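Presented below is the structure to which this report refers.
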Amino acid sequence: MEKRFNPLAADGRWQQAWDEAQAFRADDHSPKPKCYVLEMFPYPSGRIHMGHVRNYTMGDVLARYKRMTGHEVLHPMGWDAFGMPAENAAMEKKVHPGDWTRANIAAMKAQLKRLGFALDWSRELATCEPDYYGHEQALFLKMLEAGLVYRKESEVNWDPVDMTVLANEQVIDGRGWRSGALVERRKLAQWFLKITDFAEDLLDGLDALPDWPEKVKLMQANWIGRSRGLRFGFKLDQAAAGHDGIDVYSTRPDTIFGASFVAIAADHPLALALAEQDSALAAFAEECRRTGTAAEEIETAEKKGYDTGLNAVHPFDPEWKLPVFVANFVLMGYGTGAVMGVPAHDQRDLDFARKYMLPVPRVVAAEGEADKPIHDEAYTGPGRLVNSHFLDGMSVDEAKAAVIAKAEDGGWGQGTTVFRLRDWGVSRQRYWGTPIPVIHCADCGIVPVPADQLPVVLPEDVSFDVPGNPLDRHPTWRDVSCPTCGAAAKRETDTLDTFADSSWYFVRFASQPEDKPFDKAIAEQWLPVGQYIGGIEHAILHLLYARFWTRALKHLGMLDFAEPFGGLFTQGMVTHETYSASHYDQPEGSEPAKLYWVAPEDVEYIDGKPVERVSGRPITVGRVEKMSKSKKNTVDPTAIIDQYGADAARWFMLSDSPPERDLEWSEAGIEGAWRFVQRVWRLATDREPAAGEDKDLDRKLHKTIAGIAEDIEALSFNKAVAKLYELANALEKAQPSASRTQAIDAMLLLVAPMIPHLAEEAWSARGHEGLIALADWPKVDPALLVDDEVTIAIQVNGKLRDTLTAPKGADKASLEAMALESEKIIAFLEGKAPKKVIVVPDRLVNLVA
RNA sequence: GCGGGCGUGGCGAAACCGGUAGACGCAGACGACUUAAAAUCGUCUUCCCCUGGAGUGCGGGUUCGAGUCCCGCCGCCCGCACCA
C-alpha cells in the first residue's frame, strides 16, 4: 500500500468512478425525501477563482452529507452566460461573444470537475443557449399578457461607456456598477417589469424567511422602502401654467400646522411649465440637474430654492398662504415630487427655511418644551401637538390619524403607502442577451412573437467594430413582417437585463422539458431551494429579482409558492495579502515611489525578507484584501490542485474561518490542509491487529458523529473541521482495538463530504465495497453521548481554585462535601466556613466566603 | 446622517441557556528518529513583578459567578443615502 496518498493519481480515478456510477444524478421520482442544494451559478469569465472554490465546496459538503443521510439530492450547476464581458472580449479580441463564452464554459467546467464536486451535470444549462432563453422569452410573453410587463418612454440611466441603460439598482453613487462611468439621463422607450405590484408582498414575505440572514432581509426591506403617510393637494391661490394645485406626500401629516412653504422638484411638471416662461427658473432647474448624486456632493450640497412667486393655500385655513419654491433637495422620483416644508420637524426643511428666512413654528413638543425654540436642529422626537388647533394635545400617532381622517372626509387627501422600489427596467441596448420577443408594426403597434415562432434566436453573423448594438445594424434579422397584418415590421432589438436570466434558472434546474419552461409538478417536488449559497453582493439585486420572478410565476398560475429560496447563506470572501514593489531602488526608509503590485507566486523570501523573484526588489507586504486581478493578489485554484490535489484545497476552504467571514488564503494554510489529508491516509492505512474495546474512544467517536452532523446542518464547517482534528488526535493516541478499527472506518465516512477523493481511496483500501459517496452516514448511539464521570470546577468567590472528578449526576450535597475536602480549598477558606454554597450539578461548586 | 454587524493570545478562531476562557488549526521553541535533510512523532507556547496575580476594546452596573445580560464610551467593517 502507498505510504502517501497521491491525489494526482487518485482524484481523476474517483471522479471517473462517480461519473460512471451516475452517483450524483438526481432522480425526480425517488421516494426519498428531496433536498435541493444550490450555489449561485457562475458567470463564465474564463477561469474559476478561489471564491468559486469556497462557494461550491460549502454546497458540496452539504449536498454529499444530505445524500449520505438518506436524501435524494438535487445539486446542479450551470452558467450565467449572457452579459457585457463577452461583448467587450468581442471588441478587443475580435472573437464572437458566443465562441468566447462557450470556450470559457468548457475551460471552467474542466476546472470544476477537478475539484470533485457532487454535481448532477446532466442538468447543466447555459443561459446563452436558445433552449434556455427561448423559454425565458415565453415567460416574458406570459407576463406581458398578464399585464406584468409594460413599455414606457422614460428617463433612463444611460451608461456612456457601456452604451446601455442601467436599472436603478445598477447605479452606485451615480456611476455604472460595471463601468464606473458617470451615468447620464436620457429619454428612451423601455420595457419594465411591474415589480412594484409585489412591493408589499416582497416586503412582508421577508418575515416568512427565518433561514435568511437578518442582514440580507434588512437590506431588502430598506431597498423596498415602505413608508405610510398622507398624499394631499394644496390649491394654488391662482392658477399658473395650467396648474391649479400641487399634490404632495408627507409621512408627517400631524405637522401640517407647522408648514411654512411648499417645495417642488426641478423636474416637476409645474416647474417645467413655469420654466418655459422664466429663464432664471430654467437656469436654476438646469443647475439642480447637474448636481451629482455622489455621496459627498449630496452631503455638502447646500439647500437651494427658487421662489416661484406662487402661493399655496393651507387646506385647513383658506387665508393661510404658503410660498411655493422649486428646491434642489426635492426628488421627482419619490412620492409626488413635491413636499410641504415643516422646518421645525425636518432637518432639510429647517436648513432651507433658515436660508430663505421662512418662519419655523414648533408644533410637536416633548413634555414641558412647548415654548422651547428650535435653533439649528429640527425636532423629530416624540411628544404632543402644540399650536395646532384641533390637534393640540394629541400624540404624533393620534394626530397623523386625525389629519388623514379629515383629509379623506374632506376629499382633499388620502392616506397612502409609498414605496421606494421602482419598476424593473429590463431593456438593454446590447447584443449578448435574451432578445425581447416582440415586433414593432407601424399599424398594429407592439405585437408579441407568436409562441410557435419562439425562440427568437440571436443571429451569429454580427460585427462589433462600431459601438452600440449590432442588432440595430442587422437588416435580415431586424426586418420581418408583422405576424398580425403581414406588413413590413421591425423586431425589438433590445435584449433583456441578464438579471432576468438568473431570476428563474433554479426552476429550470428542477425540471427541464423541451416544450415548456418547466413542468409544474416536477419542479415543485424540488423547490423551493432548501439551501442557497452565494455572495453577499447579491443581497439586493439578484435575490430580489428572483423573489419577484417567482411571485410572477405564481401569479400566472405556473407555480404554487412565492419564495424561491427557503434557506440562504452568504459566504465571506477569499482574501490574500497584497504585495507591492517600487520601480526605483532607493535607500531604506525613504518614501516609496511609484508602487506596482506583485503576484504572490512572484514573491520569494530571502533571509526572511520578501523580495520580487525576478528583480530582487524589496516587497512591501500590504493589507489583506479580497483577491482581485487589479491588486494581483490572486491564487489560481488549478495550480493549487496540481500541487496538493482537490481534497487539500477543499479542506482548507472549510477550515479556520467561519464560512460567513472572510478567509485569508495562505501558503501555510494549504500546507496544513495537505498534512491533515496525509494524516487521515496514514491512520486509515496503518493496519493493526484489532481486538478489544475502548470505551473512551467509542464515546469520543459518537460525540464527534453527532457534533459534525449538527455543524454541517448549520454550515459551521470550521467547527466540524476542529472536531475532526480532535478525533484524529484521539485515534493517533489510542491503542489498537476493535473500537479503534471501527472508529477509523467511521471517520472516513465523516470526512467523506469534505475530502471525498481520499475517503474513497481509503475506503476501498480498507476493503469496503461500493462508493463511500453513496454509503450511509454512521449512526449515533445516544448512550455513548454521556460520560460516566465529569470534571467539576470548584470556585471560591467565583474564581476557579480547584477541580475534581465526580460521577455524572452526583447530588448537590456530595459535591459540596467533596469540594470542602479539597486541600487547596481549605487553604483558601483559611479554616472558615463558607457563607453560601452554590452547586450546579455536573458543572461546578462555588463557595462564597 | 440613517440602519446593521463586529472587537477574545503572535495569527485564524472555539466557548450551547450566564457556570473551568483560549478547544482546534497556523506560526514559533525545544527534543526524538536520521549520515543528513524532508517527512513524521513527542513536549511546551495568553500575559506579568510567576508558591501568586491579571486577563475577552475602554469605563460602569446586575449577579454567588459576565466573553456572554444592562448602561455609557472608543475603534473597525458593511449596507443605504437629500426617500419628504
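Atoms considered below: every heavy atom in the structure, side chains included; atoms not considered: hydrogens, waters and symmetry mates. Worth saying up front: this structure is predicted, and the values here are computed from it rather than measured. Throughout, a chain's letter reflects where its sequence line sits, starting with A, and its residues are numbered from 1.
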Starting at atom CD of A:Gln347, determine the distance to atom P of B:C83, rounded to an integer number of angstrom. 11 Å

When you compare B:C83 with B:C78, how far apart are their P atoms, in angstrom units rounded to a whole number? 23 Å

Is B:G9 syn or is it anti, if syn means the base angle is within 90 degrees of 0? syn

Report yes if a side-chain nitrogen or oxygen of A:Arg420 is closer than 4.0 Å to either non-bridging phosphate oxygen (OP1 or OP2) of B:C80; otherwise report no. no

Distance check, rounded to the nearest 0.5 Å: A:Ser250 atom OG versus A:Lys400 atom NZ? 8.5 Å

Of all the nucleotides listed (B:A23, B:C64, B:A27), which has the minimum atom distance to the side chain of A:Ala668? B:A27

Kindly indicate whether the side chain of A:Lys835 and the base of B:C64 share any N or O donor-acceptor pair separated by less than 3.5 Å? no

Short side-chain N/O contact to B:C41 OP1/OP2 from A:Arg682, under 4.0 Å: yes

Selection from B:C64, B:A84, B:G19 that lies nearest to any side-chain heavy atom of A:Val848: B:C64

Nearest-neighbour nucleotide for the A:Arg679 side chain, B:A84, B:C41, B:G19 considered: B:C41

Could you check how far NZ of A:Lys703 sits from P of B:A23, rounded to whole Å? 17 Å

Which nucleotide in B:A84, B:U20, B:G3 has an atom nearest any side-chain atom of A:Val339: B:A84

Spacing between A:Asp351 atom CG and B:G1 atom C1', to the nearest angstrom: 12 Å

Hey, what are the protein-to-nucleotides 4-14 of chain B N/O distances that come in under 3.5 Å?
{"unit_1": "B:G12", "atom_1": "O2'", "unit_2": "A:Ser657", "atom_2": "OG", "d": "3.0"}
{"unit_1": "B:A14", "atom_1": "OP1", "unit_2": "A:Asn718", "atom_2": "ND2", "d": "3.1"}

Check A:Asp351 with A:Arg348, please: is the shortest side-chain N to carboxylate O separation under 4.0 Å? no

Considering only heavy side-chain atoms of A:Arg348, the closest of B:C80, B:C83, B:C26 is B:C83

Considering only heavy atoms from C-beta outward, does the side chain of A:Ile195 approach that of A:Leu544 to under 4.5 Å? yes

B:C80 versus B:C70 - spacing of their P atoms, nearest Å: 29 Å

Check every strand shown and say whether A:Val330 touches a base, only sugar-phosphate, or nothing at a heavy-atom separation below 4.0 Å. base

Answer whether the closest heavy-atom distance between the side chains of A:Phe352 and A:Leu358 falls below 4.5 Å. yes

At 4.0 Å (heavy atoms only), tell me whether A:Arg801 reaches a base, stays on the sugar-phosphate, or touches nothing. sugar-phosphate

Regarding B:C17, purine or pyrimidine glycosidic angle vs 90° from 0 gives syn

Runs of at least three consecutive Watson-Crick or G-U pairs, both distances under 3.5 Å, are what I'm after; which ones involve RNA chain B? B:1-7 with B:74-80, B:10-12 with B:24-26, B:28-32 with B:40-44, B:46-48 with B:52-54, B:57-61 with B:69-73

Looking at the side chain of A:Ala722, which of B:C80, B:A23, B:G19 is the nearest nucleotide? B:A23

Sequence neighbours left out, cut at 3.5 Å: what donor-acceptor pairs do the side chains of residues 659-668 of chain A make with other protein atoms?
{"unit_1": "A:Asp662", "atom_1": "OD1", "unit_2": "A:Met573", "atom_2": "N", "d": "3.0"}
{"unit_1": "A:Ser666", "atom_1": "OG", "unit_2": "A:Gly669", "atom_2": "N", "d": "3.0"}
{"unit_1": "A:Glu667", "atom_1": "OE2", "unit_2": "A:Tyr644", "atom_2": "OH", "d": "3.3"}

Spacing of A:Leu844 atom CG relative to B:G18 atom P, expressed in whole Å: 15 Å

Please determine whether side-chain contact (heavy atoms from CB on, under 4.5 Å) holds for the pair A:Phe261 and A:Tyr356, giving the CA-CA distance in whole Å, both sets of side-chain angles, and the decisive distance to 0.1 Å. CA-CA 10 Å; A:Phe261 63 94; A:Tyr356 295 99; over 6 Å; no

In whole Å, what separates the C1' atom of B:C71 from that of B:C44? 43 Å

Out of B:U20, B:G79, B:C41, minimum distance to the side chain of A:Glu732 belongs to B:C41

Could you give the distance separating B:G9 and B:G67 at their P atoms, to the nearest angstrom? 14 Å

With rounding to whole Å, what would you report as the distance between B:G18 and B:A23 at their P atoms? 23 Å

Tell me the interatomic distance from A:Gln795, atom CD, to B:C64, atom C1', rounded to whole angstroms. 8 Å

Roughly how many Å is it from CG in A:Leu683 to C1' in B:C41, rounded to a whole number? 13 Å

Under the side-chain hydrogen bond (donor to acceptor under 3.5 Å, both in side chains) test, residues paired with A:Glu789 that sit two or more places apart: none

When the distance from NZ of A:Lys723 to C1' of B:G25 is rounded to whole Å, what number comes out? 14 Å

Is A:Arg675 near enough to B:A38 that one of its side-chain N or O atoms lies under 4.0 angstrom from OP1 or OP2? no

Side-chain N or O of A:Tyr249 versus OP1/OP2 of B:A84: is the shortest distance under 4.0 Å? no

Over all strands shown, is A:Asp346 touching base, sugar-phosphate only, or nothing at heavy-atom distances under 4.0 angstrom? nothing

Checking side chain to side chain donor-acceptor pair (under 3.5 Å) against A:Glu732, which of A:Arg679, A:Arg682, A:Arg740 comes through? A:Arg679

Using 30° and 60° as the class boundaries, would you call the ring planes of A:Trp412 and A:Phe232 parallel, tilted or perpendicular? perpendicular

Distance between the C1' atoms of B:C41 and B:G52, in whole angstroms? 36 Å

Among B:C64, B:G3, B:A23, which is the nearest nucleotide to the side chain of A:Asn222? B:G3

In terms of base orientation, is B:C50 syn or anti, with the syn window spanning 90° either side of 0? syn

For B:A23, does either OP1 or OP2 sit under 4.0 Å from a side-chain N or O belonging to A:Asn729? no

Salt-bridge criterion met for A:Asp711 and A:Lys723 (N-O under 4.0 Å): yes

Of all the nucleotides listed (B:G25, B:U20, B:C64), which has the minimum atom distance to the side chain of A:Leu800? B:U20

Considering residues at least two apart in sequence or located in another chain, which fulfil the side-chain contact (heavy atoms from CB on, under 4.5 Å) criterion with A:Gln795? A:Leu844, A:Asn846

Would you mind reporting whether A:Arg4 and A:Gln678 have side-chain heavy atoms less than 4.5 Å apart? yes

Pick the P atom in B:C64 and in B:C30, then give their distance to the nearest Å. 50 Å

Select from A:Ser666 and A:Gly225 the residue whose nearest nucleotide in RNA chain B is closer to the 5' end of that strand. A:Ser666

With sequence neighbours excluded, residues passing side-chain contact (heavy atoms from CB on, under 4.5 Å) with A:Thr308: A:Leu274, A:Leu310, A:Val324, A:Val326

Shortest side-chain distance from A:Thr803, nucleotide among B:C80, B:U20, B:A84: B:U20

When the P atoms of B:C47 and B:G12 are considered, how many whole Å apart are they? 16 Å

Which is true for A:Thr336 with a 4.0 Å heavy-atom rule: it touches a base, it touches only sugar-phosphate, or it touches nothing? nothing

Roughly how many Å is it from CG in A:Asp711 to P in B:G25, rounded to a whole number? 16 Å

